[in-house]
Protein chains: 2
Amino acid sequence: MDNKPISPNLEDGFPVSASREAMVAVLRAYGTLQRLMEPYFSQFDLTPPQFQLMCIAHRFGQDALTQRRLAREMYVSFPNITVLLKRMEKKGLIERNGNPRDRREKYVRLTEAGEKLLRRVWQVHQKQMDMVMEGLSVAERKQMTALLNKMTAAHRIEGE
Amino acid sequence: MDNKPISPNLEDGFPVSASREAMVAVLRAYGTLQRLMEPYFSQFDLTPPQFQLMCIAHRFGQDALTQRRLAREMYVSFPNITVLLKRMEKKGLIERNGNPRDRREKYVRLTEAGEKLLRRVWQVHQKQMDMVMEGLSVAERKQMTALLNKMTAAHRIEGE
DNA sequence: ACTCATTCGTTAACCATTAAACGATTTGAC
DNA sequence: GTCAAATCGTTTAATGGTTAACGAATGAGT
């Protein structure tokens, strides 16, 4: 990426509606987030999904966290988890222990190194997220959150 | 993806702020969009980026559209365009013609088949986008668009 | 005219993602 | 008890994305 982006142009002869503008806005916001977060995470030799995975593993702590469950928590397909974990295991951030009572399952846990790195990231993570959202007041952030979640909720699949 | 997602849990012991909730909301909204649009586009043997590329090529029409320019329009890296175009050329949707006055450049244009497919998609595309946004009223869609764009604008790079 | 920096497109290597097929294990119907 | 179905993790092939390095063509300074 070695050049400047250009504002998205909707004047292509196809109809412009509130739905279309909203959709384009979501896509652009996501792209902006990605562009801001990736260099930030790479400073810790992490990627956004790897960080997300570590947060979830941290939340489960010593509780049983199968790879299946992890995939559902991350809204991600099951095969994806395999390669993600493989890389993170190689880096020593997580460990997989087989469940002796059901030898199909493997439990995922943060290693001590993983916990340590996660704490280190969180020391500056709040500041980074505030920077990403700096264009909006706190009230506006909450308003945007509510609208996005309302949009998402309409397509929610049952089962929490 | 063969199981149900679970609502994202922010109770992981790390601070929850308006910024963090907003960021998670954007990520979830994007994921929802992806999940809704991919099967829709695959019905036309297209992917979201391929459709986006076709819309841009359509907008340029017979005007000069280099691969460089296309990458900037799509907010995407230059090498990415190469492989994207290669696949679409194989499908006969676009064509690349060398510029005889500057033999480094190649101009991208929709083929007749590409134009035809694009018109076919657009016949139902508006309805699809309205479905994605059905959880929000028109006023709410506009409000969300404005907030997202305000957030994005704070990180805008100069040069349009 | 020559050289050297710049620009354009490509290739290679990597990461993240998906669907589909597969092997191993557990479970349940009979 | 046995065998078929469901479940868990993995592998493979495809797509889309990145950065880094490269070759070819252009252009500008001297």
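Lettering of chains follows the sequences in order, A, B, ..., and the numbering in each one begins at 1. Since this is a predicted model, take the numbers as computed values, not measurements.
With rounding to whole Å, Leu65(B) atom CG is found 13 Å from dC8(C) atom P. When the C1' atom of dC15(C) is taken as reference, atom NZ of Lys91(A) falls 10 Å away, rounded to whole Å. One atom, CG of Asn97(B), and another, P of dG9(C), lie 13 Å apart when rounded to the nearest Å. dT18(D) atom C1' lies 20 Å from atom OH of Tyr40(A), rounded to whole Å. Between the C1' atom of dC15(C) and the CG atom of Leu85(A) lies a distance of 14 Å, rounded to the nearest Å. For the pair Arg35(B) CZ and dT18(C) P, the computed distance is 11 Å after rounding to whole Å. Separating the CD atom of Gln67(A) from the C1' atom of dT11(D) is a distance of 13 Å, rounded to the nearest angstrom. Taking atom OH on Tyr107(A) and atom P on dG9(D), their separation rounds to 9 Å, with Å as the unit.
Only Pro49(B), Gln50(B), listed by number, bring a heavy atom of residues 49-58 of chain B to less than 4.0 angstrom from any atom of DNA chain D.
Taking 4.0 Å as the cut-off between side-chain N and carboxylate O, Glu112(B) and Lys116(B) do not count as a salt-bridged pair.
Contact annotation: the side chain of Arg96(B) approaches that of Gln67(B) to within less than 4.5 Å [non-hydrogen atoms, C-beta and beyond].
Counting non-hydrogen atoms under 4.0 angstrom, Asn80(A) reaches a base of the nucleic acid. If you check every strand for non-hydrogen atoms under 4.0 Å, Leu84(B) touches sugar and phosphate atoms only.
No hydrogens or angles considered: nothing links the side chains of Arg20(A) and Gln126(B) as a donor-acceptor pair under 3.5 Å. Counting only N and O atoms by type, the side chains of Tyr107(A) and Asn97(A) include no donor and acceptor under 3.5 Å apart.
The side chain of Pro79(A) lies closest to dT18(C), out of dT18(D), dC8(D), dT18(C).
Minimum heavy-atom separation, Asp63(A) to Arg109(A): O-NH2, 4.5 Å.
Applying the 4.0 Å criterion to OP1 and OP2 of dT10(D), one finds that Lys86(A) has every side-chain N and O outside that range. An OP1 or OP2 oxygen of dT7(D) is reached within less than 4.0 angstrom by no side-chain nitrogen or oxygen of Arg104(A). In terms of phosphate contacts, Thr47(B) brings a side-chain nitrogen or oxygen within less than 4.0 Å of OP1 or OP2 of dG16(D). OP1 or OP2 of dT10(C) has at least one side-chain nitrogen or oxygen of Arg96(B) nearer than 4.0 Å.
Remark: the backbone N or O of Met133(A) is paired with a side-chain donor or acceptor of Arg141(A) at under 3.5 angstrom. Remark: the backbone N or O of Lys106(B) is not paired with any side-chain donor or acceptor of Thr66(B) at under 3.5 angstrom.
Side-chain atoms of Arg103(A) and base atoms of dT25(C) include no donor and acceptor less than 3.5 Å apart.
Judged by closest nucleotide on DNA chain C, Arg87(A) is the one of Asp102(A) and Arg87(A) placed further toward the 5' end.
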